[in-house]
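The structure appears right after this line, and notes come after that.
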Number of protein chains: 2
Amino acid sequence: MKETTTLEQGQLTSAPQPTQVVPYDLIELLFFAYREFTSDPDDVLAQYGFGRAHHRVLHFVDRHPGIMVTDLLGILKITKQSLGRVLKQLVDDDFIEQRAGAIDRRQRLLHTTNKGHELAVRLARLQTERLDRAIKDLPNGTTDTVKQFLFQMIDATARREVANLINVGPDLDLTQRPDLNGMLQHTEQDGQ
Amino acid sequence: MKETTTLEQGQLTSAPQPTQVVPYDLIELLFFAYREFTSDPDDVLAQYGFGRAHHRVLHFVDRHPGIMVTDLLGILKITKQSLGRVLKQLVDDDFIEQRAGAIDRRQRLLHTTNKGHELAVRLARLQTERLDRAIKDLPNGTTDTVKQFLFQMIDATARREVANLINVGPDLDLTQRPDLNGMLQHTEQDGQ
DNA sequence: AATTTATGTCAGCTATATTGACTTATTTTG
DNA sequence: CAAAATAAGTCAATATAGCTGACATAAATT
């Protein structure tokens with residue numbers, strides 16, 4: 001390891017401005033923490049020839065068996081074309097399978113295969129381990145505080161949607177609720 | 001006023017499932033929150049023809065005036081080639097300037113120009129605003145709890161390095177005072 | 001019957017990253 | 001001092017992950 005942070009003696013001095021209401025430490029911690037958070041899955045995925053995009057697809061399909069392609073696109077906020085490539089690989093390699101909808105036969109409902117589920121769980125566990133390590137020495141209640149903070153980081157107009165999404169168990173079928181908006185009657189108002 | 005939304009008290013706190021050793025809600029909140037966190041700068045950067053990579057470079061150069069290229073690479077954990085392209089654009093467009101090191105003339109020490117500094121601050125303020133909105137309805141102490149959590153998410157072996165970088169000191173002062181914004185004096189010599 | 005929806009596909013483009021080899025200038029070291 | 005190491009830059013080739021827009025097909029809805 002080479003002498004980290006040789007960065008010019010004394011140059012870490014902050015800008016001597018009144019603009020110092022900016023929480024640079026928090027901003028940078030978010031950057032570093034998130035990078036670490038994704039690093040463990042990345043290493044495993046690379047062994048399968050997959051990347052982070054595959055992880056996201058695999059994760060949300062595993063969490064929402066039978067999800068429609070359209071809903072998955074809505075969650076990931078990517079285009080059909082971007083999803084297409086990644087999804088095709090996951091299907092070709094037998095991590096995800098598509099089944100025509102029983103009611104609406106246009107739909108290709110997505111499910112993880114056993115193999116896909118196992119990988120999804122393996123990756124989730126890696127992230128869980130890091131989260132557990134991070135939290136274990138912190139005071140009780142830290143997890144809830146962090147969850148609340150993260151939730152509030154989301155635009156108020158999108159919070160219901162996310163709240164609904166992350167509270168859906170693996171049994172619930174998103175296909176039965178094509179409109180993710182307004183599903184949660186939550187009493188959050190304060191538009192700011 | 002504002003009965004602190006606390007996002008349905010019981011909803012994002014522990015799920016009642018017995019097999020729920022994996023905190024899917026927390027994992028997914030990290031994904032959604034981080035995406036939102038980067039979205040505001042992304043919109044502004046696009047107006048300049050820049051992307052997130054430019055933001056990272058601009059940010060760390062602005063925070064560490066006179067930083068060496070090598071050290072910047074170490075922070076960003078990207079290759080010289082990846083940095084090169086992005087840095088060249090920032091220099092060509094007069095957001096960053098390079099000055100030969102006074103002591104070691106091989107070095108091209110990086111500084112933001114006035115224009116670059118202003119953009120860096122503008123982007124940091126956007127992120128600050130989102131952070132402030134997220135925290136304002138949460139209990140006192142939330143910021144410190146979140147900082148501690150994020151810090152602990154980093155591999156133990158890398159924590160000191162990050163702590164030095166963001167100026168929280170070598171021995172995890174992170175567990176202490178809520179205001180480490182005003183005292184960003186230099187760290188430099190501290191072993192390692 | 002006409003329209004909308006769900007999905008897929010084509011062609012081409014952009015941004016960001018990678019590796020490896022090589023050059024130039026400069027500093028450090030044996 | 002000569003040799004080696006370092007700082008930085010460059011070239012060529014490649015990969016991943018995203019984008020737009022246009023178009024096609026099947027199935028459902030109006």
Side-chain angles (χ1 to χ4, degrees), chain A residues 1-4 6-8 35 38-39 41-43 45-58 61 66-92 96-110 174-180, chain B residues 35 38-39 41-43 45-58 61 66-92 96-110:
Chain A
M1 159 158 295
K2 59 196 65 162
E3 217 53 47
T4 64
T6 45
L7 1 131
E8 281 355 52
R35 185 169 70 183
T38 56
S39 67
D42 283 351
D43 293 343
L45 289 157
Q47 298 166 7
Y48 292 84
F50 294 150
R52 205 173 297 174
H54 299 83
H55 186 192
R56 293 198 276 257
V57 171
L58 185 67
V61 170
I67 190 174
M68 286 171 57
V69 170
T70 298
D71 286 341
L72 185 55
L73 291 174
I75 291 170
L76 299 177
K77 288 196 166 65
I78 58 174
T79 60
K80 220 187 325 183
Q81 294 71 15
S82 297
L83 174 62
R85 246 177 330 197
V86 167
L87 183 56
K88 185 175 190 306
Q89 287 177 269
L90 287 166
V91 169
D92 288 349
I96 287 179
E97 63 179 19
Q98 300 168 301
R99 304 178 196 155
I103 300 159
D104 185 336
R105 301 203 325 270
R106 292 171 303 181
Q107 298 174 338
R108 303 296 168 84
L109 307 184
L110 305 174
L174 273 181
T175 27
Q176 298 310 104
R177 355 157 37 157
D179 180 26
L180 296 175
Chain B
R35 184 169 71 184
T38 56
S39 67
D42 283 351
D43 293 343
L45 289 157
Q47 297 166 6
Y48 293 84
F50 294 151
R52 205 172 297 174
H54 300 83
H55 186 193
R56 293 196 279 257
V57 171
L58 185 67
V61 170
I67 190 173
M68 285 171 57
V69 169
T70 298
D71 286 341
L72 184 55
L73 291 174
I75 291 170
L76 299 177
K77 287 196 166 64
I78 58 175
T79 60
K80 219 187 328 182
Q81 293 72 15
S82 296
L83 174 62
R85 219 173 340 97
V86 167
L87 183 55
K88 185 176 190 306
Q89 287 177 270
L90 287 166
V91 169
D92 287 349
I96 286 179
E97 63 180 18
Q98 300 168 303
R99 302 178 199 155
I103 300 159
D104 185 337
R105 301 205 323 271
R106 292 171 303 181
Q107 298 174 338
R108 303 296 169 84
L109 306 185
L110 306 173

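Throughout, a chain's letter reflects where its sequence line sits, starting with A, and its residues are numbered from 1. Heavy-atom basis, side chains included; hydrogens, waters and symmetry copies ignored.
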Looking across every strand, which nucleic acid part, if any, lies under 4.0 Å from [X] by heavy atom: base, sugar-phosphate, or nothing?
X     : answer
B:G51 : sugar-phosphate
B:Q98 : sugar-phosphate
A:K77 : sugar-phosphate

Name the closest nucleotide to the [X] side chain, picking from [options].
X      : options               : result
A:K80  : C:dA6, C:dG8, D:dA8   : C:dG8
B:D104 : D:dG9, C:dT27, C:dA6  : C:dT27
B:M68  : D:dA7, D:dG18, C:dA17 : D:dA7
B:R85  : C:dA17, C:dT7, D:dC19 : C:dA17
B:R108 : C:dT7, C:dG8, D:dA8   : D:dA8
A:A53  : C:dT18, D:dG18, D:dG9 : D:dG18

Considering just the side-chain nitrogens and oxygens of [X], establish if one lies under 4.0 Å of OP1 or OP2 belonging to [N].
X      : N      : value
B:T70  : D:dT6  : no
A:R105 : D:dA27 : yes
B:T79  : C:dA17 : no
A:H54  : D:dA17 : yes

Atom [atom1] in [X], atom [atom2] in [Y]: separation rounded to 0.5 Å?
X     : Y     : atom1 : atom2 : result
B:L83 : B:K80 : CG    : NZ    : 10.5 Å
B:Q98 : B:L90 : CD    : CG    : 10.0 Å
A:L87 : A:L76 : CG    : CG    : 10.0 Å
B:H55 : B:T38 : NE2   : OG1   : 9.5 Å

* Which comes earlier along DNA chain C counting from the 5' end, the contact point of B:A102 or that of B:Q81, where each point is its nearest nucleotide? ->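 So the residue in question is B:Q81.
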* Asked: Ignoring hydrogens and angles, are the base of C:dT7 and the side chain of A:R106 linked by a donor-acceptor pair under 3.5 Å?
  ->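 There is none.
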* Asked: Closest nucleotide of DNA chain D for A:G49 versus for A:S82: which of these residues is on the 5' side?
  ->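 Upstream on the strand: A:G49.
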* With nearest nucleotides of DNA chain D determined for A:R52 and B:G84 from heavy-atom distances, which residue corresponds to the more 5′ nucleotide? ->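 Final value for this comparison: B:G84.
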* Asked: What residue among B:L58, B:V61, B:V57 forms side-chain contact (heavy atoms from CB on, under 4.5 Å) with B:L110?
  ->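 Exactly one pass, corresponding to B:V61.
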* **B:L83 CG to C:dA15 P, straight-line distance once rounded to whole Å** =>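 In whole Å, C:dA15 P lies 17 Å from B:L83 CG.
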* Asked: Could you give the CG-to-P distance, from B:L73 to C:dT18, as a whole number of Å?
  ->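 Whole-Å distance recorded here is 10 Å.
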